[in-house]
Amino acid sequence: MSEHPHDIEADRRNKLTRLRDEFKIDPFGQRTPGIVPLDQARAKYDEQADADHKADPTQQDRRPVVKVSGRVMQHREMGNLIFMSLRDASGDLQVAVSKKAVPIEQFKLAKITDLGDIVIAQGPLAKTKTGEITVWAAASGGGDSAYAMACKSLAPPPGKWHGLQDPEQRYRKRYIDLYANPQVMDLAQKRIRIIDEIRGFLRERGYLEVETPMMQAIAGGAAARPFITHHNALDIDLYLRIAPELYLKRLLVGGFPKVFEINRNFRNEGISPRHNPEFTMLEAYEAFGSWETMAGMVEEMVCTVAERVFGTLEINHRDTEDTEKITKTINLKRPWRRVSMAELVAERTGWKFDKQPLSAQQIDALRDANKGKDLKLDGTAAEQLVEVYEKLVEPTLIDPTFVTRVPGVIIPLAKRCSDDNDFADVYELAINGQEISPGYSELNDPDEQEKHFRGQVGDSEEQQKIDEDFLEALRVGMPPAGGMGLGIDRLVMMLTGAPSIRDVILFPLMRPRGGGD
RNA sequence: GACCGGGUAGCUCAGUCGGUAGAGCAUCGGCCUUUUAAGCCGUUGGUCGUGGGUUCGAGUCCCACCCCGGUCACCA
């Protein structure tokens with residue numbers, strides 16, 4: 001049949017032909033009602049019924065019968081008895097196909113079943129000699145098969161023991177990764193639950209979920225390089241959004257009191273274990289709030305999510321090799337520390353920020369004490385403060401910390417502190433050594449906002465365009481408001497201990513490979 | 001974008017000083033009705049990331065490029 005007699009795909013295609021010609025079955029299956037997930041099937045096992053049946057097989061068989069389906073992960077053939085391990089999203093369950101218990105064609109089908117095939121088995125639940133709960137395939141009265149093929153797998157499967165390890169293949173072929181590595185499926189489901197709980201939490205508090213443009217004529221709301229795309233009919237370039245902020249604020253202007261959006265942002269920048277070009281962001285705005293409103297909200301939200309999804313406020317990160325070993329514990333117990341950036345820097349370095357730039361001696365001392373950190377300290381006093389914070393302090397903030405009184409120059413969309421115009425009235429929440437969430441007392445003075453924008457345009461080589469319509473909206477009038485953003489991917493990393501953002505995004509961006517990968 | 005590490009059978013990995021390309025599992029053929037990475041006997045499978053170069057001879061040395069991971073830069 002094939003020129004490569006031991007090519008795995010060719011072997012499987014031969015079997016495909018046999019299934020059609022000899023077995024007269026559809027190798028790709030049909031609608032099949034009544035299948036229960038493997039964990040539910042396992043839970044139906046009845047110890048007493050099993051014992052009774054083993055004691056006296058002639059009595060009425062009261063063992064629960066289940067119909068299950070899964071991908072074949074292991075296939076052990078012992079002459080006239082075949083054991084298989086099936087896997088679905090809920091877990092694994094063993095199936096046994098005995099020559100005596102099923103029609104001969106179905107036994108032959110079980111014999112030529114390959115690793116990776118999706119099969120259906122029906123029969124009573126009983127333990128094996130070694131105590132493993134097993135579905136013993138057996139024909140029922142209803143005309144259902146005891147054992148059937150649901151979908152022939154043609155591609156070579158990953159190894160049954162090591163699975164798929166190569167990170168490149170895991171990210172490119174996530175559909176294999178998901179079934180070959182159960183912890184990947186588990187993490188994907190954790191992420192889904194985390195986002196569900198965030199939505200529920202916000203809805204319970206009266207926030208309405210809205211959708212704002214992903215394609216924008218002017219990409220505003222953050223300092224980042226955008227992706228460019230093109231609309232043919234209008235013949236205009238558009239940008240994929242870097243933030244939804246300016247549109248969510250327009251909704252406050254229009255009269256929505258509390259809105260949020262959970263969706264993708266796109267930033268045309270480097271890729272790292274903490275950065276994917278598209279990432280999922282929550283932004284929420286509350287009229288008549290401030291950064292403190294939002295800090296309280298995010299604190300409660302993260303704790304609620306942690307408790308509902310993980311049942312604890314103590315998040316343990318484990319070694320990737322030795323999963324017994326706890327490498328880090330994050331304590332989410334409230335209240336979370338609230339402390340100014342200058343105070344944190346002083347604690348860490350002894351530098352008491354007084355708005356004066358560091359002296360040459362201070363710079364040398366800092367560099368000497370922190371070799372390998374590549375401190376860039378040639379800017380203004382405010383820039384130095386931010387640089388020292390980001391390089392030396394933020395990575396050490398494992399437990400949640402609201403960093404307040406951030407130099408205003410880097411934050412154009414927030415109000416200034418009422419007692420000091422040099423600082424912005426905001427928080428930056430750091431957990432696990434990463435910035436996970438910013439929160440602002442939102443700037444609603446249109447003239448001051450315009451001043452900030454014009455100041456930005458002046459010194460930016462990229463000539464960021466000003467969203468004049470947003471300024472017009474502020475002139476119409478936006479109530480004072482609190483706003484917050486939260487990086488969902490990083491939150492999931494923090495809660496699950498995933499070391500890379502690629503582990504919490506099902507399909508992280510990869511450079512295309514030849515051959516359609 | 002810079003630097004470091006990696007790319008060898010379907011999977012997981014060895015490959016010494018430059019001297020015929022290896023193992024386990026998977027595949028394929030046999031045996032086996034309670035296995036647990038089943039076992040036993042046999043079998044097959046390679047563009048050593050790609051392209052050049054050095055050499056009698058390159059998986060191994062040199063150059064360029066591709067892809068992945070990490071660190072840094074940019075950024076959240």
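Order of the sequence lines fixes the chain letters, A, B, ..., with proteins taken first and strands second; residue numbering starts at 1 for each chain. Computed from a predicted model, the values in this text were never measured in an experiment.
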By nearest atom, which of the nucleotides [options] is closest to the [X] side chain?
X	options	answer
A/S500	B/G70, B/U35, B/U12	B/G70
A/H162	B/A76, B/C68, B/G24	B/G24
A/R76	B/G70, B/U35, B/C72	B/U35
A/L115	B/A26, B/U34, B/G69	B/A26
A/K100	B/A76, B/U33, B/U12	B/U33
A/T134	B/C11, B/C28, B/U35	B/U35
A/N80	B/U33, B/U71, B/G69	B/U33
A/M510	B/G69, B/U35, B/A37	B/G69
A/A223	B/A26, B/U34, B/A76	B/A76
A/S98	B/U35, B/C28, B/U33	B/U33

Rounded to the nearest Å, what distance is computed from the [atom1] atom of residue [X] to the [atom2] atom of nucleotide [N]?
X	N	atom1	atom2	answer
A/I242	B/A76	CD1	P	9 Å
A/E390	B/A73	CD	P	10 Å
A/N432	B/A76	CG	C1'	14 Å

Pair assignment for [N], Watson-Crick or G-U wobble, requiring both distances under 3.5 Å:
N	answer
B/U55	none
B/C25	B/G10
B/G39	B/C31
B/G46	none
B/U16	none
B/U71	B/A2

B/U35 base / A/E132 side chain donor-acceptor hit below 3.5 Å: no
Distance between [atom1] atoms of [N] and [M] (Å, rounded):
N	M	atom1	answer
B/C62	B/A58	C1'	11 Å
B/C4	B/C61	P	16 Å
B/G49	B/U8	P	6 Å
B/U60	B/U35	C1'	44 Å

Under 4.0 Å between a side-chain N/O of [X] and OP1 or OP2 of [N], yes or no?
X	N	answer
A/K391	B/A73	yes
A/R172	B/C68	yes
A/K160	B/A38	yes
A/K376	B/A73	no
A/K99	B/U33	no
A/Q74	B/A38	yes
A/R502	B/G69	yes

A/I218 side, atom CD1; A/Y239 side, atom OH - distance, nearest 0.5 Å: 8.5 Å
side-chain contact (heavy atoms from CB on, under 4.5 Å) partner of A/L429, chosen from A/T401, A/L486, A/V298: A/V298
Sugar-phosphate only, base, or nothing, as touched by A/G270 at under 4.0 Å among non-hydrogen atoms: base
Sugar-phosphate only, base, or nothing, as touched by A/Q434 at under 4.0 Å among non-hydrogen atoms: nothing
Derivation and outcome, side-chain contact (heavy atoms from CB on, under 4.5 Å), residues A/D52 and A/Q59: CA-CA 8 Å; A/D52 290 348; A/Q59 291 300 303; over 6 Å; no
A/F279 over B/A76, stacked by centroid distance under 5.5 Å, angle under 30°: yes
